S.K.: 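Okay, handing you the structure first.
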Amino acid sequence: MSGSFYVTTPIYYVNDKPHIGHAYTSIAADVLARWHRAAGDATWFLTGTDEHGLKIEQAARAKGVSPRTHADTFAEPFRRLTAAMLLSNDDNIRTTEARHQAVVEAMWRRMEATGDIYLGTYAGWYSVGDEAYFDESEIVDGKAPSGHAVEWVEEQTYFFKLSKYGPKLLEYFESHPDFVKPNSRFNEVKRFVEQGLNDLSVSRTTFSWGVPVPDADGHVIYVWVDALTNYISALGGPDGEAFKTFWPASVHLIGKDILRFHAVYWPAFLMSAGLPLPDQIFAHGWWTVEGQKMSKSLGNTVDPFDMAERYGAEAFRYFLLREVSFGSDGDFSEHGLINRINGDLANDFGNLVNRSLGMLDRYRQGVIPARGRAEDAEDGPLLQAYAEARDALHAAMGELAFNKALAAIWSLVGAANKYVDVSAPWTLAKQGDAARLDEVLYTLCETLRVLGVWLSPFLPVKGPELLDRLDASPALRALSSTDTWGQGASGLTARKGDPLFPRVERPAAEDAPAAKPAKAPKQPKQAKQAKAPKAPKAPAALPEGTIAYDDFAKLQLKVARIIAAEAHPDADRLLKLTVDAGEAEPRTVCAGIAAAYAPADLVGQTVVLLANLAPRKIRGVVSQGMLLAAGEGADTRLATVPGELAPGTQVS
RNA sequence: GGCUUCGUAGCUCAAUUGGUUAGAGCGACCGGCUCAUAACCGGUAGGUUCGGGGUUCAAGUCCCUGCGAAGCCA
């Protein structure tokens, strides 16, 4: 199935810092690019920055720097995204580059030659914030629908005969049912075009930071003509070598906010210029953060650099693509991220690698054995899981269903963990059944190899690292080497190594959600309530993490007396305490203070108990609360209460 | 205001052209194993499929209506 594959992200507007949305699009594009490279396709992955426009010009002026300097400064973090998110982009175009501007000019001339550009007068309300004109009827309270300020502008501008392309676009949509994904978005586009298109004003005279209109002093080419053209200017334009190989693009990945520009304007420009249209435009969804809409004013934007640093870029990549279906909105939370890391990456996958290579190491000194004796009843389910996962994975990648692709891969991880259980290599080793043990270990190594290949596009460091440990040759890393079972070589020496994905500790504050207080009203409502009344109030300048008194009041802190203490039966670091909190029954509480206190020293101490913490089973003992303490290890000290306060007394 | 989509187990989501006892993951509970990263495997958990009405031999799956949410357009 090798051919050519060209994937793009939007060029990111440099008036903003990179956030989770930018990272998301780029990561998705990266996974596609890596997948297609592994499949042997000639692949090109383009990202870039949009650096023109009135907003940039004004922001630069406000800072007293040149637009160029401003653009340079703000483009830099976007370029760092490549290293931080482990992107494999082949190019990173900037609209301020000469190679781009030349192609924009060429595009203009082509459209002009077709007779689609004419000079006219535009009068209307212009919003700098939206970079768009609004009709009188759209103005709400003297402002743009977005709330941005507008000003009345009358200017001579060039127009593009967009109206002429309505029928052609509809015809094209009809014959290309996969042109826009998801389908619901395609429907929106169709409806928009069906309503009739107005000609589009495609030049500006109100600013100069852009590509000049050829032979028309004072006119600058409309930002979207400029911006969209990046997809071909990066290929050298219509006459470029790369253009011949890679155009039309296989897929433009975009956020749903810029769908119309990509699905209506861009195709119309291309038609006018006599160029082929991209195969597909895929609009993905938005991320909310901890249930709330992401916004600068709320200060809850997710910084991808921060996430990569704290949890690893791969874990972040995995979470974003696994958590929701591409095309739907999703919610980002650290709680969810940690669940994915610990559950999927550490427990399921990482541990599978660790236990498998551990046994190979122990029983075969790390040498991947030749096939031994198969047992259909035991091997069958795993081989079937492999075949099903393989087919599901290919199907899912074909439709950009990354979450399904990962689910398919994890179904094989699950089957392999079960296989270890059922085949019980440790028993085979004890019994000396070498032929069977060989087969089982080979099977596990082959599974790991397949997983390594499949996961490499998603986990571009840990995937190859696993293959390194398996001593896999380049041929054994190609996607095609996983098309049929058993291509993995015997006789190679594998290295066990450290756990691929260590479990991450949940921040103490994160623990609360485990109690799961029946999540009351749904997010959107909360968001609105929180927003409407709060909006006028500037977010108070309180330190991050500040809580309201009400939040504190939720904690039931009580004085308690320790009436018994003993070592926890199944955990070295814990003590099992019995405390009197002034209630009918004494409580059992597990505390991680074994290193600091001997049980006998504790009886009779008066301490502080968090009494309304959800009970939790800790290594087999149900702990009904938590004692306040400070310090770590042997330096831990319980918070004690001097004197003789009665157990049950409220601490406030 | 018009149009579109959606509302399924505590949470996130599945359910071929309407068709047998509505599924999975996470969480919870119980049990098993010991190779492994307090990991892994198994089992259980009974959700009026938002409410109401209708079509049909049969509806989560079609129609009407009410409520709620989201999106596009004006």
Side-chain angles (χ1 to χ4, degrees), chain A residues 134-140 145 182-196 256-257 259-260 263 283 285-286 288 291 293 322-325 327-331 333 335-336 338-363 403-404 406-407 410-411 413-430 437 440-441 444 496-505 513-525 527-528 568 570-574 592 614-620 622:
Chain A
F134 292 98
D135 201 66
E136 184 70 48
S137 63
E138 297 175 79
I139 299 300
V140 185
N183 288 327
S184 55
R185 297 286 163 207
F186 202 3
N187 290 336
E188 289 175 9
V189 170
K190 288 175 183 168
R191 222 173 304 125
F192 177 76
V193 176
E194 279 164 4
Q195 289 175 350
K256 59 187 183 182
D257 55 327
L259 179 59
R260 193 196 305 167
W286 287 146
T288 53
K293 215 169 183 174
R322 178 68 184 87
E323 191 69 2
V324 300
S325 82
S328 304
D329 292 349
D331 182 55
S333 69
H335 183 75
I338 291 172
N339 280 348
R340 286 293 179 192
I341 294 174
N342 286 347
D344 298 355
L345 296 176
N347 294 353
D348 292 343
F349 173 61
N351 184 47
L352 172 67
V353 172
N354 199 41
R355 67 198 304 210
S356 301
L357 294 183
M359 288 187 284
L360 182 69
D361 200 41
R362 177 181 310 195
Y363 304 134
N403 65 327
K404 281 193 200 168
L406 288 167
W410 253 259
S411 72
V413 171
N417 273 320
K418 174 160 177 126
Y419 179 73
V420 173
D421 220 55
V422 172
S423 61
W426 50 91
T427 304
L428 297 172
K430 254 180 237 162
L437 183 55
V440 170
L441 292 174
L444 285 173
K496 179 170 177 286
D498 295 327
L500 277 179
F501 288 98
R503 290 173 60 89
V504 301
E505 290 297 322
K516 201 177 289 161
K519 217 183 238 175
K522 269 231 159 176
Q523 337 289 30
K525 238 179 208 165
K528 262 182 197 161
H568 188 290
D570 203 23
D572 297 343
R573 277 183 264 175
L574 302 181
R616 187 166 167 184
K617 198 174 197 177
I618 302 178
R619 296 287 280 178
V622 176

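Lettering follows sequence order; numbering is per chain, from 1. Remember, it's a predicted structure, so these values are computed and weren't measured experimentally. All values below come from the heavy atoms of this structure, side chains included, with hydrogens, waters and symmetry mates left out.
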S.K.: With P as the reference atom in both, quote the distance from B/U37 to B/U61 in angstrom, rounded to an integer.
M.R.: 50 Å

S.K.: A/K404 NZ to B/G25 P: how many Å, rounded?
M.R.: 17 Å

S.K.: Take A/T427 and A/F349, find for each the nucleotide of RNA chain B with the closest heavy atom, and name the residue whose nucleotide sits nearer the 5' end.
M.R.: A/T427

S.K.: With both distances under 3.5 Å as the test, what is the Watson-Crick or G-U wobble partner of B/G46?
M.R.: none

S.K.: Nearest whole Å is fine: how far is B/A14 P from A/E323 CD?
M.R.: 13 Å

S.K.: Would you mind classifying the nucleic acid contact of A/L259 as base, sugar-phosphate or nothing, using non-hydrogen atoms under 4.0 angstrom?
M.R.: nothing

S.K.: Take atom NZ in A/K404; do more than 12 heavy atoms of anything else shown fall under 6.0 Å from it?
M.R.: no

S.K.: Distance between the P atoms of B/U55 and B/U17, in whole angstroms?
M.R.: 25 Å

S.K.: Is B/U34 paired to anything, Watson-Crick or G-U wobble with both distances less than 3.5 Å, and if yes, which nucleotide?
M.R.: none

S.K.: Counting only side-chain heavy atoms from C-beta out, which of B/G71, B/C35, B/C40 sits nearest to A/R362?
M.R.: B/C35

S.K.: Between B/U8 and B/A70, how far is it from one P atom to the other, in whole Å?
M.R.: 15 Å

S.K.: Where each residue is assigned the nucleotide of RNA chain B containing its nearest heavy atom, which of A/K496 and A/G414 is assigned the position nearer the 5′ end?
M.R.: A/K496

S.K.: Base, sugar-phosphate, or nothing for A/G350, non-hydrogen atoms under 4.0 angstrom?
M.R.: base

S.K.: Where the side chain of A/R355 is concerned, which of B/C40, B/C33, B/G71 is the nearest nucleotide?
M.R.: B/C40

S.K.: With heavy atoms under 4.0 Å as the rule, sort A/P425 into base, sugar-phosphate or nothing.
M.R.: nothing

S.K.: Watson-Crick or G-U wobble partner for B/C3, using a 3.5 Å limit on both distances?
M.R.: B/G71

S.K.: Not counting sequence neighbours, which residues clear side chain to side chain donor-acceptor pair (under 3.5 Å) with A/T427? List them please.
M.R.: none

S.K.: Rounded to whole angstrom units, what separation is found between the CZ atom of A/F186 and the P atom of B/U5?
M.R.: 16 Å

S.K.: If I pick the P atom on B/C13 and the same atom on B/U44, what distance separates them, to the nearest angstrom?
M.R.: 26 Å

S.K.: So A/N187, base contact, sugar-phosphate only, or nothing? Heavy-atom distance under 4.0 Å.
M.R.: nothing

S.K.: Expressed as a whole number of angstroms, how long is the span from A/N339:CG to B/U37:P?
M.R.: 21 Å

S.K.: Side chains of A/V189 and A/L259: closer than 4.5 Å at any heavy-atom pair?
M.R.: yes

S.K.: Who does B/U20 pair with, Watson-Crick or G-U, both distances under 3.5 Å?
M.R.: none

S.K.: Over how many whole Å does the gap from A/D421 atom CG to B/C33 atom P extend?
M.R.: 10 Å

S.K.: Looking at side-chain heavy atoms only, is the closest gap between A/I338 and A/E505 below 4.5 Å?
M.R.: no

S.K.: How many whole angstroms separate atom CZ of A/R340 from atom P of B/U37?
M.R.: 24 Å

S.K.: Kindly say whether A/N342 contributes a backbone atom to a donor-acceptor pair with the side chain of A/N347 at under 3.5 angstrom?
M.R.: yes

S.K.: Out of B/C73, B/C35, B/C41, which nucleotide sits closest to the side chain of A/K418?
M.R.: B/C41

S.K.: Please pick, from B/U37, B/C40, B/C73, the nucleotide with the shortest atom-to-atom distance to any side-chain atom of A/Q195.
M.R.: B/C73

S.K.: Any base atoms under 4.0 Å from A/D329, or only sugar-phosphate, or nothing? Heavy atoms, all strands.
M.R.: nothing

S.K.: Taking atom types as they are modelled, would you say the side chain of A/N347 forms a donor-acceptor pair with the base of B/A39 within the 3.5 Å cutoff?
M.R.: no

S.K.: Would you say A/D329's side chain and A/W286's backbone share a donor-acceptor pair under 3.5 angstrom?
M.R.: yes

S.K.: Once you round it to whole Å, what is the distance between P of B/C3 and CZ of A/R191?
M.R.: 10 Å

S.K.: How far does the C1' atom of B/C63 sit from the matching atom of B/G47, given to the nearest Å?
M.R.: 25 Å

S.K.: Base, sugar-phosphate or nothing for A/N417? Non-hydrogen atoms, less than 4.0 Å.
M.R.: sugar-phosphate

S.K.: Picking from B/U37, B/C35, B/C40, which would you name as closest to the side chain of A/A346?
M.R.: B/U37

S.K.: When the P atoms of B/U16 and B/A74 are compared, how many Å lie between them, rounded to an integer?
M.R.: 35 Å

S.K.: Any idea which of B/C35, B/U37, B/C73 is nearest the A/R260 side chain?
M.R.: B/C73

S.K.: Using atom CZ of A/F192 as one end and atom C1' of B/G71 as the other, report the distance to the nearest whole Å.
M.R.: 15 Å

S.K.: My understanding is that a pair needs two contacts under 3.5 Å, Watson-Crick or G-U wobble. By that rule, which nucleotide pairs with B/C26?
M.R.: B/G10

S.K.: Using 4.0 Å as the upper bound for N to carboxylate O, is an ion pair formed by A/E188 and A/R191?
M.R.: no

S.K.: Distance between the P atoms of B/C57 and B/C41, in whole angstroms?
M.R.: 48 Å

S.K.: Can you tell me how far P in B/G32 sits from the matching atom in B/A58, rounded to whole Å?
M.R.: 49 Å

S.K.: Strictly distance-based, threshold 3.5 Å: is any side-chain N or O of A/N417 a donor or acceptor partner for the main-chain N or O of A/D348?
M.R.: yes

